[in-house]
Amino acid sequence: AIRDKVIRHLTERLPIDDRGELEWVLRLQVTREREARAITISQRQYIDQLLENHMAGAEVTKKYESPMDDRLELTGDDSPTVGTPAHADFAAKRQEYMTVIGSLLWLAACTRPDLSYTVSTLARYVGNPGPSHYKAMQRALAYLQTTRHWVLHMAPVAGMEHPLEIYSDASWTSDNSITGGAIFYMGVLLAWWTRRQKSVSSSSAQAEYFAAATASREGVYFRDLLEDAGLPLKGPTPLLLDSKSAIDLAYDPVAFKKTKHIMRAAAELRDRVAREMFTPTYVEAAGQVADIMTKGLGPTAHKMQLVRLLSEDPP
């Protein structure tokens with residue numbers, strides 16, 4: 001068996017302890033369904049302990065279907081001035097905020113992509129949170145309580161025309177826009193991200209284009225990884241965007257006037273498209289699963305994307 005071969009080779013080089021089939025790793029519970037060729041990864045125990053330690057206040061006792069109010073705009077204006085009584089009075093909550101955000105970051109990185117945008121936003125104020133930031137943190141915990149049974153279920157779908165699919169999206173703001181993305185292989189979610197762009201975009205098309213360039217970089221890695229694993233892809237990988245303008249820019253080799261201020265990113269993505277590594281493809285906003293990584297969504301829109309990322313594992 002392949003497993004026995006790997007164990008034998010590792011034993012020849014390193015002292016190891018073979019404890020059989022993986023069930024727990026770094027407090028992640030791993031369940032295999034061999035007949036269905038599926039794996040479920042859950043952090044429910046970790047979530048339960050987090051909620052037990054920090055379930056306090058009326059805000060946390062409510063049920064929420066989304067981790068952040070889609071109308072909420074958090075800024076640093078609510079942070080108390082260092083050295084003032086307000087800052088000193090907030091010391092205990094500040095420590096709790098740091099602890100909770102650290103735990104939520106771990107969840108978002110491992111099994112809960114639906115928390116990615118919310119935690120990324122809250123983490124900006126971890127050094128000096130104010131009342132509005134603390135209340136938003138409690139809202140995230142309340143959402144986690146409501147959705148604690150959602151897990152990362154990995155079951156491949158056979159016969160897909162394009163085994164590797166990459167979703168890319170961006171929310172254009174007056175400052176640094178937010179990039180979001182997700183990568184699926186055979187229908188299985190492999191990677192996701194929420195990142196602030198390093199520069200200010202002058203239009204939504206530019207923000208979307210920067211996001212697509214980022215997604216293509218991630219896509220190159222996974223294309224190479226699959227080839228190294230003996231699973232080379234045939235043809236270009238769909239790069240799914242909900243911006244027709246960004247798609248046009250990715251294909252247009254002479255749009256210098258439109259992109260002369262972002263030539264490096266423009267050349268990077270166009271080169272990969274020209275070499276037929278990726279095919280920028282339009283997807284309706286409702287089908288853009290990466291939307292959940294770029295902004296706070298209302299309960300209905302959030303649930304619509306949540307079911308495409310995770311699976312509900314009844315208690």
Side-chain angles (χ1 to χ4, degrees), residues 27 43 46-110 112-148 170-180 192-202 204 207 210-211 291-299 302:
R27 301 186 71 181
Q43 289 180 284
Y46 185 81
I47 291 171
D48 288 344
Q49 184 174 345
L50 174 63
L51 294 173
E52 181 180 350
N53 294 338
H54 299 282
M55 285 283 283
E59 188 73 20
V60 185
T61 63
K62 298 179 182 178
K63 288 188 176 181
Y64 290 101
E65 299 296 332
S66 61
M68 178 176 282
D69 188 338
D70 59 319
R71 299 162 297 180
L72 180 65
E73 292 186 14
L74 293 175
T75 68
D77 295 340
D78 195 42
S79 298
T81 303
V82 177
T84 63
H87 184 266
D89 292 343
F90 215 72
K93 289 185 177 180
R94 183 162 55 251
Q95 183 60 45
E96 182 186 17
Y97 187 91
M98 294 173 65
T99 301
V100 171
I101 296 305
S103 297
L104 292 178
L105 282 169
W106 177 243
L107 287 169
C110 294
R112 296 300 299 264
D114 54 321
L115 291 172
S116 186
Y117 170 75
T118 297
V119 182
S120 175
T121 302
L122 295 176
R124 297 178 205 166
Y125 309 101
V126 72
N128 187 21
S132 63
H133 311 127
Y134 186 83
K135 185 176 181 180
M137 177 210 76
Q138 289 186 308
R139 159 76 178 253
L141 286 176
Y143 167 77
L144 200 57
Q145 166 70 13
T146 305
T147 61
R148 54 182 290 277
S171 62
W172 181 43
T173 62
S174 57
D175 52 8
N176 299 68
S177 300
I178 305 298
T179 285
W192 58 89
W193 59 89
T194 295
R195 300 170 188 164
R196 291 189 79 189
Q197 295 183 1
K198 295 182 179 180
S199 60
V200 177
S201 297
S202 59
S204 60
F210 278 143
D291 193 36
I292 200 173
M293 279 76 153
T294 66
K295 63 177 74 71
L297 301 176
H302 183 87

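The two residues Leu51 and Leu141 have their closest heavy-atom pair at CD2-O, 3.5 Å. Here the closest non-hydrogen pair linking Gln197 and Ala170 is NE2-CB, 4.1 Å.
Between the CE atom of Met137 and the CE atom of Met68 there is a distance of 12.0 Å, given to the nearest 0.5 Å. Summarising the geometry, atom CG belonging to Leu297 is positioned 11.0 Å from atom CG belonging to Asp114; distances are rounded to the nearest 0.5 Å.
In this structure, the side chains of Thr294 and Thr179 stay at 4.5 Å or more apart for every pair of heavy atoms. By the 4.5 Å heavy-atom criterion applied to side chains, Arg139 and Leu72 are not counted as neighbours. Contact of the Leu50 side chain with the Leu107 side chain is registered, since non-hydrogen atoms from C-beta on lie closer than 4.5 Å. Looking at Ile178 and Arg195, their side chains never come closer than 4.5 Å, going by heavy atoms from C-beta outward. The shortest distance between side-chain heavy atoms of Pro67 and Tyr117 does not fall below 4.5 Å. Using a 4.5 Å cut-off on side-chain heavy atoms (C-beta onward), Thr99 and Asn53 make no contact.
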Q: Begin from the C-alpha positions of Val119 and Thr194 and carry the test side chain to side chain contact (heavy atoms under 4.5 Å, CB included) through to its verdict.
A: CA-CA 9 Å; Val119 182; Thr194 295; over 6 Å; no

Q: Assess whether side chain to side chain donor-acceptor pair (under 3.5 Å) is satisfied between His302 and Glu65, documenting all intermediate values.
A: CA-CA 8 Å; His302 183 87; Glu65 299 296 332; over 6 Å; no

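Qualifying salt bridge (Lys or Arg N to Asp or Glu O under 4.0 Å) partners for Arg27, counting only residues two or more places apart in sequence or in other chains: none. The salt bridge (Lys or Arg N to Asp or Glu O under 4.0 Å) test applied to Arg94 returns no partner, not counting sequence neighbours. Qualifying side-chain contact (heavy atoms from CB on, under 4.5 Å) partners for Thr81, counting only residues two or more places apart in sequence or in other chains: Thr84. Residues passing the side-chain contact (heavy atoms from CB on, under 4.5 Å) test with Asp78 are Pro131, Ser132, His133, sequence neighbours excluded. Among residues two or more places apart in sequence or in another chain, the side-chain contact (heavy atoms from CB on, under 4.5 Å) test is passed with Ala109 by none. Not counting sequence neighbours, Tyr97 has no partner by the ring-ring contact (aromatic ring centres under 6.0 Å, His included) test. In terms of the side-chain contact (heavy atoms from CB on, under 4.5 Å) criterion, residue partners of Ser199 (sequence neighbours excluded) are, by chain and number, Phe210. For Asp48, the salt bridge (Lys or Arg N to Asp or Glu O under 4.0 Å) criterion is met by Arg148, not counting sequence neighbours. Asp69 is linked by a side chain to side chain donor-acceptor pair (under 3.5 Å) to Arg71, counting only residues two or more places apart in sequence or in another chain.
Identified under the side chain to side chain donor-acceptor pair (under 3.5 Å) test for residues 118-130, with sequence neighbours left out: none. Evaluation of the salt bridge (Lys or Arg N to Asp or Glu O under 4.0 Å) test over residues 84-93, restricted to residues two or more places apart or in two chains, returns none. For the salt bridge (Lys or Arg N to Asp or Glu O under 4.0 Å) condition, no pair includes a residue of residues 99-108, sequence neighbours left out.
Distance alone, capped at 3.5 Å, is enough to place a donor-acceptor pair between the Trp192 side chain and the Ala108 backbone.
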